[in-house]
Amino acid sequence: MTETQIGADTLDAGTDTRGVSIRNLRKRFGDGPYVLDGIDLDIAKGELVCLIGPSGSGKSTLLRCINLLEKPDSGVVRVGDMLMGQELRDGKLHALRPRRYRAQQARIGMIFQQFNLFPHLTVLENVIEAPQAVRGQSKAEAVENARRLIARVGLADRENAYPRQLSGGQQQRIAIARALAMEPDVLLCDEPTSALDPELVGEVLEVLRDLAESGMTMIVVTHEMAFAREVADRVVFMSDGRIVEQDTPDRIFTNPREERTRNFLRRVL
Ligand code: ADP
Ligand code: MG
């Protein structure tokens, strides 16, 4: 434990409690090196942050700590008014765990590289499952919401299709509709287009762009630099478990301050 440990009390009570705040987040697997080594990050409600960085820099682990798929070793994550992680008080680590863990986790949407749709359920059934099971919606209410969202991602005519009958791009759009059906406070996307054939990338990015414009709070890990440049409010560059640099896309892509950022961009652009 280092004395730079920062607790929940340092999360400024005056900040907008509807976004995401992360303080001194640290995570390692077993006794390996820290794959997150003191992350501090604030995302305002309605902001779209693109997270970029080399493979292995900790981007996925960071998203997984935000949505409680991984337990941080120390540090604090706040999503909306939900606080979790561990905080140091009086020289001791205290676990902070949301009271209604499952319900809280449901407020954080997650989109993965592999779409993770239920293969034995139709498009409509995929989208109505969680709202009924976790949020207690009636079937009629869940179906009405699902139809609206399936139309929103441009697949109104495919509600009875099974995932295997859809292209990768269509499957990912349904995965987005499924996440939205839970009315998340924040949507985390982990390389949402990396598994797609190049000609299908655009339709998924188009849906994400539409969501950003509607005010959804989003963290998108991506290698699509054109998307980051065009749509992100802010670009965060990570390397070796730390945030090296963060700024507007314009600044990051035209005039990065750090050598490591320049080297990375030289390789990917
Ligand atoms: P990125 O998404 O930026 O490629 P990751 O967050 O997936 O990076 O991984 C960061 C580091 O943590 C890597 O060295 C990876 O091997 C390691 N790592 C991730 N998940 C695990 C795990 N479950 N067990 C052990 N090591 C892991
Ligand atoms: Mg990753």
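Values in this document were obtained by computation on a predicted structure and should not be read as measured data. Whatever order the structure lists them in is the order used to number ligands and atoms, beginning at 1.
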Any protein N or O within less than 3.5 Å of an N or O in ligand 1? List each pair with its distance, or say none.
unit_1	atom_1	unit_2	atom_2	d
ligand 1	2 (O)	Ser60	N	2.9
ligand 1	2 (O)	Ser60	OG	2.9
ligand 1	3 (O)	Ser57	N	3.2
ligand 1	3 (O)	Ser57	OG	3.4
ligand 1	3 (O)	Gly58	N	3.0
ligand 1	3 (O)	Lys59	N	2.9
ligand 1	3 (O)	Lys59	NZ	2.8
ligand 1	4 (O)	Gly56	N	2.7
ligand 1	6 (O)	Thr61	N	2.9
ligand 1	6 (O)	Thr61	OG1	2.5
ligand 1	8 (O)	Gly58	N	3.2

### Task
Determine whether the side chains of Ser74 and Arg26 contain a donor N or O and an acceptor N or O closer than 3.5 Å.
no
### Message
If the test is side-chain hydrogen bond (donor to acceptor under 3.5 Å, both in side chains), which one of Glu141, Arg147, Arg148 qualifies with Asn145?
### Response
Arg148
### Task
Assess whether side-chain contact (heavy atoms from CB on, under 4.5 Å) is satisfied between Leu41 and Gln246, documenting all intermediate values.
CA-CA 10 Å; Leu41 186 62; Gln246 52 179 312; 3.7 Å; yes
### Message
Within the structure provided, determine whether Asp240 and Asp37 are in side-chain contact (heavy-atom separation under 4.5 Å).
### Response
no
#### Entry: Nearest-0.5 Å distance that lies between atom CZ in Arg178 and atom CG in Asn116
7.0 Å
### Query
Cluster question for you: counting only ILVMFWY and a side-chain heavy-atom cut-off of under 4.5 Å, with indirect links fine, are Ile174 and Met216 together?
yes
### Query
With a 4.5 Å heavy-atom cut-off, do Met225 and Phe253 have their side chains touching?
yes
### Message
What verdict does the side chain to side chain donor-acceptor pair (under 3.5 Å) test give for Arg260 and Asn263, after you've listed the backbone C-alpha separation in whole Å, the side-chain angles of each residue and the deciding distance to 0.1 Å?
### Response
CA-CA 5 Å; Arg260 273 190 289 176; Asn263 284 338; over 6 Å; no
### Task
Identify whether Val207 and Leu124 are in the same connected component of the hydrophobic contact network (ILVMFWY, side-chain heavy atoms under 4.5 Å).
yes
### Message
Inside 2.8 Å of the Mg ion (ligand 2) but strictly below it, how many protein N/O/S atoms are present?
### Response
1
